**Student:** 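First the structure, then my questions, so here it is.
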Amino acid sequence: MSIELLNNFSILLMQNIDVNALTAALPIHLAERCDVIGTEPPNPDGDWVVYWMHHAMRGHDNPALEVAITFANSLRKPLMVYQGLGGQHAYDSDRSHWFILQGAHDVARELNEAGIDYRFWLPRDHARSPLPTIVSRAAALVMEQMPVAPFPRWQAKLVSRATTTVVRVDARCIVPMTLLNQAPDRAFRYRDKTKHEYRQRIAAGWPATALEVHTDTTQVHDVFESLPIATLSDSDLHTLIASQPIDHTIGPVIDTPGGSTAGYQRWQTFLDQGLASYHKKRNDAALRWPQGVSRLSPYLHYGMVSPFRIAKQTESANLGGSGKFLEELTIWRELAHHFCAHCDDPDSLAALPSWAQKTLREHAEDHREHTYPLTALQRGSTHSELWNLAQRSLLVHGELHNNLRMTWAKAIGEWRASPSEALAALLDLNHRYALDGNDPSSYGGLLWALGLFDRPFDPPQPVLGTVRPRSVDAHAKRMDVPQYRQHIGRTQGQRRRIAVIGAGISGLTVARALHDHNHDVSVFEKSRGPGGRTATRRRDPYQFDHGAQYFTATDPRFVRQTRLWHEAKVIRPWDGAIVSLQDSRSVSEKARWHGTGGMNQICRHLAESLDIKRQCRITQIRRQDDQWIIDSEHGELPDRDRVFDTLIITAPAPQTHQLLSEVHPEFAELAASIDYDPCWAMMTVVDATDLPAWRGAFGSGQPVDWISLRSAAEDSATCVAHASPAWSQQHLESDAESVADMLADAVQMETGLPIDRAATVAHRWRYARVRNPALIEAAFDPLTRLGIAGDWLGGNARIESAWLSGAALCGHVLRAQSISS
Ligand code: FAD
């Protein structure tokens, strides 16, 4: 039937269909899991029935899909299954994108085979989601129930604008979330209440419904360009992910590929080899899969495997571990779903039972033996080896054994300065790194660590009060920690030997992230310490930030990093006014940050525990037998320090060009196209008794651009001045003493400050500021495993761009692992 005929027919038909008639057509097993949240009648002029898929990524056993098919059949409209990955989710990363896009491949195959139209949207150039437009043209909209942020908010916004019927379907739970009318508080009560409900539903399995109206919706697809997901290779995914404004410092988990095929393979192996002993072995994190736990949770989280099928097969298998596994899959997993569906704000302490809130409040001020900022937790650098290993399991492998996760979570409860900071860290670390993160089950587990689904335990302990205690040390005694260490110490894909040239912001950002992913990283830096253009020069008792003085943050990823550095006391807000000396006016109040105790603190923090070869200028690089060989100005380095399979260069563009001209003409050419402005910096000491009110000032530019003042001792302050690009260029080859004199004169004239000439020195930044940054954020050649990063790539040639460039390059290296594995 043509689209036009079909539309006329369906308009006639729909004049008689209201919401009730539409839902009345649903069989009971679907109707019981539907919530009508948009009560408008179906839109007779609508082009299609839309199913917005996100956490039921499968074409089988999918109640939301079947509701959509039933609606399309009733309304005689085409069906479009829409999925989008807009990069707006707080925890979007290469890891989650990789898993979802791989999974979408299987969805496309399955839906295509069933003749169902599946459209996938990935933004280009920061484009906005087409979903509102699609919905405005929908005859009816079907959504999934996913009762954790951001989905309820996103859905509410969409519904508020919808002019058609909107139905939300529970495709996640065997006993649907719609069946209970309040949040359950204890597992045993939930079990008692739902025993019969489970019995019937598990045995019934899942009957399939066929789509009756097969129409090609391409004619009405003028809203967005869908990704040809079924034809994309891993290398296409690599390129697509690189273009997304998401967190590139969290790499794909290669040994857990996304999709129903991989999910059911994992399930089948566990069913055959692990389920029989699940009840005995499930608590031992050191056991090698398929012994112990199923590791199915990422697939359940994204709905790539069907909980209905898994439950039925578990029951039918009737093995030793079947009962315990079913208890976890149904009672504990679904208890958490039902809880989130009926809880106003699972992200806050208010989600806890009142006794837990009270005891945590009463002990909020207790002395804590250890407190850690989020950066230390993130890297797994606490005093506890087992805890660190657990965290590294999350960071590197995107998973954490369920029983150890409970201990990991309890420790965070004790190691943060307050209960709300503990909850924030729990949610952040879990959701950011775990492939199964941001699931209702995550909330069940994380809030359990603070008292949810539990009772008070006496006597009260420091910090957690009567919340059930659980010790990491005791856990370590009951497991084989060396075996676990060996398992967690692996890399995703081949372990790489990586040389990073340059210990500035970009080099250390990429080195840090790759080291944190268990790769073997060495950093080579020509100066005496890390910092690059965020250097701090010390001359007792004074210190001078003679390069960058402060930085600003605009990209949400860097804004978050800034928050983390601030919490770890690595940076602090710029203190003191900033003025323009020309018109004596205050300059805008935007947030400016500088390193606590000097700008180079940021690089020092990034460099912690990294292998850095200082005062080691790399002068030559070459390829030999598929390896990179590097040599320094001091001659040949020992073999351990000169042969690498991956090479990363983060020097300013002219120095990068010099190193690469013989070995990688393409990257060398890109580097050669970048121009820099030089900057002469003057450092001096001034009398502090009569300082002006400002601490930073933009000068006239003739010749001074910028002056900063910092109290150093009771009677003296340090002063740094930067000359303008034009003046610096003009005096580029002048000697430092005469430049120091000229700039001191200029500062004295502009400010009236008496300058101590004997304490005045100048430093030349030959490559200070990039004039024409390249458009790409970073580049990586997967054939030779050569990467380039730095503030000259992408962005606006500042600290923020250097950080983003390092992060982008990290993404290239980690994603390439999956292609070469
Ligand atoms: P770099 O910091 O230059 O790091 C590259 C590193 O590579 C250096 O440590 C270098 O020694 C090393 N290296 C080079 N060649 C070799 C080799 N062959 N072997 C071994 N090591 C090598 N940014 C802001 O955001 N706000 C500001 O207000 C600001 N003001 C600035 C003022 C001045 C005077 C200057 C100079 C810069 C300023 N910037 C500012 C820019 C900011 O400092 C840089 O964008 C950022 O620090 C660049 O980081 P990077 O890692 O890309 O490069």
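Order of appearance sets the numbers: ligands from 1, and atoms from 1 within every ligand. Quantities reported herein were computed from a predicted structural model and do not represent experimental measurements.
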**Student:** Students should be able to answer this: which protein heavy-atom is nearest to atom 25 (O) of ligand 1, and at what distance?
**Tutor:**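 Minimum-distance protein heavy atom for atom 25 (O) of ligand 1 reads Ile799 N, 3.0 Å.
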
**Student:** What protein heavy atom is closest to atom 40 (C) of ligand 1, reported as residue, atom name and distance in Å?
**Tutor:**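 The closest heavy atom on the protein side is Ala548 CB, 3.5 Å.
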
**Student:** Within 45 degrees of the ring normal and closer than 6.0 Å to the centroid, is that where the cationic atom of Arg623 sits relative to Trp628?
**Tutor:**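 Yes - Arg623 lies over the ring of Trp628, closer than 6.0 Å to its centre and within 45° of its axis.
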
**Student:** Under 4.0 angstrom from ligand 1, any heavy atom of Ala681?
**Tutor:**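 Ala681: no contact with ligand 1 (<4.0 Å).
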
**Student:** Identify the heavy atoms of Asp520 and Arg497 that sit nearest to each other, and give their distance.
**Tutor:**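 Heavy-atom minimum between the residues: OD2-NH1, 3.1 Å.
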
**Student:** Take Thr684 and Thr718 through the side chain to side chain contact (heavy atoms under 4.5 Å, CB included) test and state the conclusion after the steps.
**Tutor:** CA-CA 6 Å; Thr684 191; Thr718 58; over 6 Å; no

**Student:** Using a strict cut-off of 4.0 Å, indicate which atoms of ligand 1 neighbour a heavy atom of Asp791.
**Tutor:**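 Those atoms are 44 (C), 45 (O), 48 (C), 52 (O).
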
**Student:** Are Arg592 and Tyr550 in a cation-pi contact, defined as NZ or CZ under 6.0 Å from the six-membered ring centre and within 45° of the axis?
**Tutor:**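 Pair Arg592/Tyr550 counts as cation-pi.
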
**Student:** Looking only at distance, does Thr552 have an N or O less than 3.5 Å from an N or O of ligand 1?
**Tutor:**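 In fact, backbone or side chain, Thr552 has no N or O that close.
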
**Student:** What part of Phe524 sits under 4.0 Å from ligand 1 if we count only heavy atoms: the side chain, the backbone, both or neither?
**Tutor:**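 Within the 4.0 Å criterion, Phe524 contacts ligand 1 through backbone atoms alone.
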
**Student:** With heavy-atom distances below 4.0 Å as the criterion, list the atoms of ligand 1 near Ile505.
**Tutor:**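 The list of qualifying atoms is 51 (O).
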
**Student:** Quick one: look up the protein heavy atom nearest atom 50 (P) of ligand 1 and list residue, atom name and how far away it is.
**Tutor:**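 Result for atom 50 (P) of ligand 1: Ser506 OG, 3.5 Å.
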
**Student:** Quick one: which ligand 1 atoms are inside 4.0 Å of a heavy atom on Trp765?
**Tutor:**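 Selected atoms, number and element: 34 (C), 36 (C).
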
**Student:** Please write down residue, atom name and distance for the protein heavy atom closest to atom 13 (N) of ligand 1.
**Tutor:**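 Checked against all protein heavy atoms, atom 13 (N) of ligand 1 sits closest to Lys526 CE, 3.9 Å.
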
**Student:** Would you check if the side chain of Thr536 reaches a backbone N or O of Met599 as a donor-acceptor pair within less than 3.5 Å?
**Tutor:**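 Pair found, side chain donor or acceptor close to backbone of Met599.
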
**Student:** Which residue supplies the protein heavy atom nearest to atom 11 (O) of ligand 1, what is that atom called, and how far is it?
**Tutor:**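 Nearest neighbour among protein heavy atoms for atom 11 (O) of ligand 1, to 0.1 Å: Glu525 OE2, 2.6 Å.
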
**Student:** For residues Arg622 and Gln624, is any side-chain donor paired with an opposing acceptor at under 3.5 Å?
**Tutor:**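 Present: a donor and an acceptor within the cut-off.
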
**Student:** Show me which atoms of ligand 1 lie under 4.0 Å from any heavy atom of Thr534.
**Tutor:**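 In order of numbering, the contacting atoms are 47 (O).
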
**Student:** Quick one: look up the protein heavy atom nearest atom 15 (N) of ligand 1 and list residue, atom name and how far away it is.
**Tutor:**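 Scanning the protein heavy atoms, the shortest distance from atom 15 (N) of ligand 1 goes to Ala651 CB, 3.4 Å.
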
**Student:** Cys616 heavy atoms, cut-off 4.0 Å: which ligand 1 atoms fall inside?
**Tutor:**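 The atoms of ligand 1 under 4.0 Å from a heavy atom of Cys616 are 19 (N), 20 (C).
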
**Student:** Within 45° of the axis and under 6.0 Å from the centre of the six-membered ring of Trp574, does NZ or CZ of Arg710 qualify?
**Tutor:**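 Because its charged atom sits under 6.0 Å from the ring centre and within 45° of the axis, Arg710 does stack over Trp574.
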
